[in-house]
Number of protein chains: 2
Amino acid sequence: MGLGKNYEGQDCSLARSLELLGERWTLLIVRDALYGVRRYGDFLAHLGIPRAVLSQRLSALVDAEVMERRRYQESPPREEYVLTGKGRELWPPVLALAHWGERHMSDAGPRRVFRHVPCDAPIGAGATCSACGAYVPVEEVEVRPGPGADLTREDPVSVALRGPRRMLEPLP
Amino acid sequence: MGLGKNYEGQDCSLARSLELLGERWTLLIVRDALYGVRRYGDFLAHLGIPRAVLSQRLSALVDAEVMERRRYQESPPREEYVLTGKGRELWPPVLALAHWGERHMSDAGPRRVFRHVPCDAPIGAGATCSACGAYVPVEEVEVRPGPGADLTREDPVSVALRGPRRMLEPLP
DNA sequence: ACGCGTCGGTTCGATGACTGAACTAAGATG
DNA sequence: CATCTTAGTTCAGTCATCGAACCGACGCGT
């Protein structure tokens, strides 16, 4: 966008959220992070985002305490970006938007299917389990490709998403 | 943003949604429409958005069949923008984002409180009623100001939101 | 020791989007 | 007839994004 600053007049928590999350690419970065992506290069390859924009967005997410930047090895120094609790709680809005897109913007059937691991039951909109009815945190979710998925992409993230995967689990 | 077009590489329904909804201002327009705002001038005054951007966004929402443009009086000709069914189903993602903002981006307590009218019970994240447990469509929701609300703004929309209001109900 | 590759960035010019103010059009109101 | 309201469009300036190139720290092979 040019989203960042200008929603001050809005007396609304949605506007507060969008000051951070409404900028171009930001929610897609969060989505990838929910899938378990942590490294700069993996975000870059999967999103096809300009490097400068990725850097700026990751910094903004870290400043907002949605992600945490940490060094996962010294020598050579390597950084990774991991969702905080605040960030993991973005799972319901992300799911709700994806669900809406699935029903109204997609022609080929669902691209991803989410299951509640303890119940082995599908998850509906609202992030509730269709079996136990409870709110399902990301930690208990598994993704697998749906009938509309594109299985031809070759970047590390797309490859990892071809099989069933626990959400948040780091890529190999 | 400059959001619109560029998410084609993404194999994801979230990206499809964001091509439309991720542009600056768009979700705030939808939020106002859920509150019952229908007229160009009301959107303009409540959002403080540049006129050209408002026109462009409303057109995009109409093209996407999220809103419908219709003439509510001849002579002088006047247009209004009303959510379609597809648009009203944006209520869960909007609520989820607002809820997240309320918990993580707001200091002053909730600004708006939503109740399920038949049950007279509060609505939680996930757009489910805390009493009957069912999914609550916007049509059955009432908004009222919460403790964090700003009651000093004087535009027609802000004034209408000072009292309890049925969602979607047109402004006077 | 040298050159090459990888990872995580920063810098830069060109392009495109957003902003705010001014202007237009069609009719109502006094 | 002049003025006001509503719903826009047009335009110049500013700001964000894009894509390509560059940089620095280090590992690895020879």
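Just so you know, these numbers come straight off a predicted model, no measurement behind them. Naming convention: chains lettered A, B, ... in sequence-line order (proteins, then strands); numbering from 1 in each chain.
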Dump every N/O contact between nucleotides 6-9 of chain C and the protein below 3.5 Å, one line per pair.
unit_1 : atom_1 : unit_2   : atom_2 : d
dT6(C) : O2     : Arg78(A) : NH2    : 3.4
dC7(C) : O4'    : Arg78(A) : NE     : 3.4
dC7(C) : O4'    : Arg78(A) : NH2    : 3.0
dC7(C) : O3'    : Arg78(A) : NE     : 3.4
dG8(C) : OP1    : Glu79(A) : O      : 3.2
dG8(C) : OP2    : Gly41(A) : N      : 3.3
dG8(C) : N7     : Arg51(A) : NH2    : 3.0
dG9(C) : OP1    : Arg69(A) : NH2    : 2.4
dG9(C) : OP2    : Tyr81(A) : OH     : 2.7
dG9(C) : N7     : Arg51(A) : NE     : 2.8
dG9(C) : N7     : Arg51(A) : NH2    : 3.0
dG9(C) : O6     : Arg51(A) : NE     : 3.0

Taking N or O atoms only and anything under 3.5 Å, show me the protein contacts with nucleotides 28-30 of chain C, one pair per line.
unit_1  : atom_1 : unit_2   : atom_2 : d
dA28(C) : OP1    : Ser75(B) : O      : 3.3
dA28(C) : OP1    : Ser75(B) : OG     : 2.5

Please tabulate the protein-to-nucleotide N/O contacts below 3.5 Å involving nucleotides 28-30 of chain D, giving atom names and distances.
none

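In this structure the side chain of Val37(A) never reaches within 4.5 angstrom of the side chain of Ile29(A), judged on heavy atoms.
The ring pair (Phe, Tyr, Trp, His ring centres under 6.0 Å) contacts involving residues 37-62 of chain A comprise nothing, where partners must be two or more places apart or lie in separate chains. Every pair passing side chain to side chain donor-acceptor pair (under 3.5 Å) that includes a residue from residues 159-172 of chain B is listed here, sequence neighbours excluded: Glu154(B)-Arg162(B). Among residues at least two apart or in separate chains, side chain to side chain donor-acceptor pair (under 3.5 Å) pairs with a member in residues 140-150 of chain A are His116(A)-Glu140(A), Glu142(A)-Arg144(A), Asp150(A)-Thr152(A).
As rounded to whole Å, 13 Å separates atom C1' of dC18(D) from atom CG of Leu44(A). The distance between atom CD of Gln56(B) and atom P of dA17(C), rounded to the nearest whole Å, is 9 Å. Residue Ile29(B) contributes atom CD1, which lies 11 Å from atom P of dC18(C) at whole-angstrom precision. Following rounding to the nearest Å, Phe43(B) (CZ) and dT6(D) (C1') show an atom-to-atom distance of 15 Å. In this structure, Arg57(B) places its CZ atom 16 Å from P of dG8(D), rounding to the nearest Å. Leu47(B) has its CG atom 15 Å from the C1' atom of dC18(C), to the nearest Å. In this structure, the CZ atom of Arg71(B) is 10 Å from the C1' atom of dA26(C), given to the nearest Å. Gln73(B) has its CD atom 11 Å from the C1' atom of dT5(D), to the nearest Å.
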Please tabulate, one pair per line, all N/O donor-acceptor pairs under 3.5 Å involving side-chain atoms of residues 117-132 of chain B, not counting sequence neighbours.
unit_1    : atom_1 : unit_2    : atom_2 : d
Asp120(B) : OD1    : Arg115(B) : NH1    : 2.8
Ser130(B) : OG     : Pro122(B) : O      : 2.8

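Contacts between residues 152-160 of chain A and DNA chain D, defined by a heavy-atom separation below 4.0 Å, involve no residue at all.
When the side chain to side chain donor-acceptor pair (under 3.5 Å) test is applied to Glu79(B), the partners found at least two apart in sequence or on another chain are Arg71(B). With sequence neighbours left out, Phe114(A) forms a ring pair (Phe, Tyr, Trp, His ring centres under 6.0 Å) with Trp91(A). For Ser59(B), the side chain to side chain donor-acceptor pair (under 3.5 Å) test picks out no residue, with sequence neighbours left out. For Glu80(A), the salt bridge (Lys or Arg N to Asp or Glu O under 4.0 Å) test picks out Arg38(A), Arg70(A), with sequence neighbours left out.
A donor-acceptor pair is defined here as one N or O able to donate and one able to accept, closer than 3.5 Å; such a pair exists between the side chain of Arg88(B) and the backbone of Leu83(B). Side-chain atoms of Lys86(B) never come within 3.5 Å of backbone atoms of Trp100(A) as a donor-acceptor pair (strictly under, hydrogens ignored). Using a distance-only test at 3.5 Å, with no hydrogens or angles considered, a donor-acceptor pair links the side chain of Ser17(B) to the main chain of Leu97(A). At distances below 3.5 Å, not a single donor-acceptor pair connects side-chain atoms of Ser13(A) with backbone N or O atoms of Arg16(A). No side-chain donor-acceptor contact under 3.5 Å links Glu102(B) to the backbone of Met105(B).
Using a 4.0 Å heavy-atom criterion, one finds that Val53(A) contacts the sugar-phosphate atoms exclusively.
Trp25(B) has a side-chain polar atom (N or O) that falls below the 4.0 Å cut-off from OP1 or OP2 of dT19(C).
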